[in-house]
Amino acid sequence: MSAPRPPLETVRAWVEGTLSPRDREAFAAALAADRGLADLVAEYADVHAATVHEAPACPVTAGTLRLDAPPVRTPVLTWVRRATPIAAALLVVAGAAFAISRMTPSEPSLVPEGGPLVLRAIRAEGREPPPAPPAILAHYTPATDERIAFLSDYAEAKAVARAASRPLLVFLSLEECPICRGMRAQAFRDESVVRAAQGFVLAAVSPGDLDPGDPLLRALTGNRWPAFAAFDTSGALRREHGFPLTGVPPDANAVADELKAAYAALPASDRSRPPSWDDLHAAARALRDADDEEDPAARRAAWLSVLKRRVEGPLADRARALLAQDSKAAREALEAARGIAAKEGAAAARARIDADLPRFAGTPYADDLRRVRDRLERDGAFPPVVLAR
Amino acid sequence: MPPSSIPVDRGGFLTLFEDLKDPMYRFLYRLSRDAHDAEDLLQETFATLWRKRDQFRGEGSLAGYVRKIAYRTYLNARPRLGRRKNERPIDVEPSARDGAPDEWVARGDERARRLESVRGAVDALPAGWREPFVLFRYEGLTCTEIAECLGVTPKAVELRLARALKAVAARVRGLEAASGGSGTAA
């Protein structure tokens, strides 16, 4: 079934007398019943009759047609004219996007009296922060004094690796083993080994400290000793390798090759731009300092400094969560003031906010609390508030 | 009847030209409102068609394809056409075939004057209204064909046509009222 013909086409056909007899009959009936259609027909008929303009005969013949004439170039001005509206539209869109990105929540004075107060900092969310990183992360590096250095506490090494989002390399060995001592004295001081170890957190573990069923011990089967085992950042074992027991310590080349093989066995995400040790140290120190800091503004600045470092992972998560906890504390202060306002009146609520303010001094939460207090004073009632997003 | 593909040999192409030149010339004349401009545009249209003769893929009618090229040629030329100062008068002789109103026939010169006045109203329409009106009124195209040619939607064509029709009808009725005429002439 074809699409219905637009009325104007039918009207044209009616006026020009090209409708089929059947259509003509139907159209005549429609015309009699529809005054609007009759008006349209009259209008078109007037225009049709008054626009009889014969075009002159075409003077071009096949003989005078120049088929090989070069194409007429579109003037540059025409291109400019065509491009101008597009360029203008792009500029308007870019300008609008820039203006929107610069917009800040309305000032309270712009909010109608009695209307909601839009908060700028106090948010709805609040979550438990991940555990504090081990203190040693503030200065740990896999190599010191031009030799690789192992953490002797396996649990601590795992915590460092988790906090630093770095893979963990375990050296299964014994302090009193002469082969292991030989490796520490020779191979572990070699430049190629130090370089190959930079990507890992290193731990030296005695097999006696592991459960008998620990998968790490597989590396020691087949008369092999000592051994390395590599864990990725999610804690999954990716490679274990024991050196053949020959009575002499493996040389630096064998150790460096094994460290490189262990690193290559990690997922690509663990190998692509891990956080630098400098950033990790600075972030861990900032978190530690913030824990000891009394001044709310300085504490907040320390958390924000963590987020400026390239340390995505548990350290950044902890900083974000601690910031959110401050927001949660401010929200609780607000709720407490609201409850007091309902029971004891606006003056008591203002006093409560004043008492809470020092806890948030120098932070944007204090600004929000002060704005609520000002509205309490102005309106004599606790204002409706919209939490920041 | 024009062929369904563009002949690649010069002889076949000239035959195609003979088949299509009159409707295309009229089309370009209506758009440009100048016989000499229409002649130039026709030359350019068929020179373009000759250069691109292997690009027609048989989608739609060949006449529609040529009309699209002609329209684009006109669009490209419109700025320079608009700058021409020495516009030449055009032939205003009415066509007996179109059946003019009796009272206009009786009044000879007056009819020509009215036709010229209405033509002025059509010419004064914004290009966005005038072009669909010309294609609808003189080329007999459907709204869908016009939409294809102009690169807009059929709904947009209907809307522009309705506005153009209202504007021209107002001019026609104004003339009727001024001369004490009767109105509908169909």
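A, B, ... follow the sequence lines: proteins, then strands. Residue 1 opens every chain.
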Evaluation steps, side-chain contact (heavy atoms from CB on, under 4.5 Å), between B/Q43 and A/L65: CA-CA 6 Å; B/Q43 285 277 2; A/L65 183 67; 3.5 Å; yes
Under 4.5 Å from any heavy atom of chain A - which part of B/T48: neither
Rounded distance (nearest 0.5 Å) linking atom CZ of A/R12 with atom CG of B/L165: 11.5 Å
B/W50 vs A/R66, side-chain contact (heavy atoms from CB on, under 4.5 Å): CA-CA, chis, key distance, verdict: CA-CA 10 Å; B/W50 174 246; A/R66 301 180 306 275; over 6 Å; no
Closest approach of A/Y44 to B/R137 (non-hydrogen atoms, all atoms of both residues): OH-CD, 3.9 Å
Approximate separation, where rounding is to 0.5 Å, of A/T51 OG1 and B/R171 CZ: 13.0 Å
Region of B/F133 that comes under 4.5 Å of a non-hydrogen atom in chain A: side chain
Chain A contacts, top residue of B/A121, B/A170, B/A47 (heavy-atom pairs, under 4.5 Å): B/A47
Closest non-hydrogen atom pair, A/A57 against B/Y25: O-CE2, 3.7 Å
For the student: nearest non-hydrogen atoms of B/F136 and A/L8, plus distance: CZ-O, 3.5 Å
Under 4.5 Å from any heavy atom of chain A - which part of B/L141: backbone
Region of B/F17 that comes under 4.5 Å of a non-hydrogen atom in chain A: side chain
Close side-chain approach of A/V60 and B/K21, heavy atoms under 4.5 Å: no
Main-chain N/O of A/P59 paired with B/E39 side-chain donor or acceptor, under 3.5 Å: no
CD (A/E25) with more than 12 external heavy atoms under 6.0 Å: no
Best-contacting candidate, A/L67, A/V47, A/L40, against chain B by heavy atom pairs under 4.5 angstrom: A/L67
Shortest non-hydrogen separation from B/L42 to A/C58 and the atoms involved: CD2-SG, 3.5 Å
Max heavy-atom pair count under 4.5 Å with chain A, selected residue of B/D22, B/L49, B/T144, B/T73: B/D22
B/V168 portion near chain A, given a 4.5 angstrom heavy-atom threshold: both
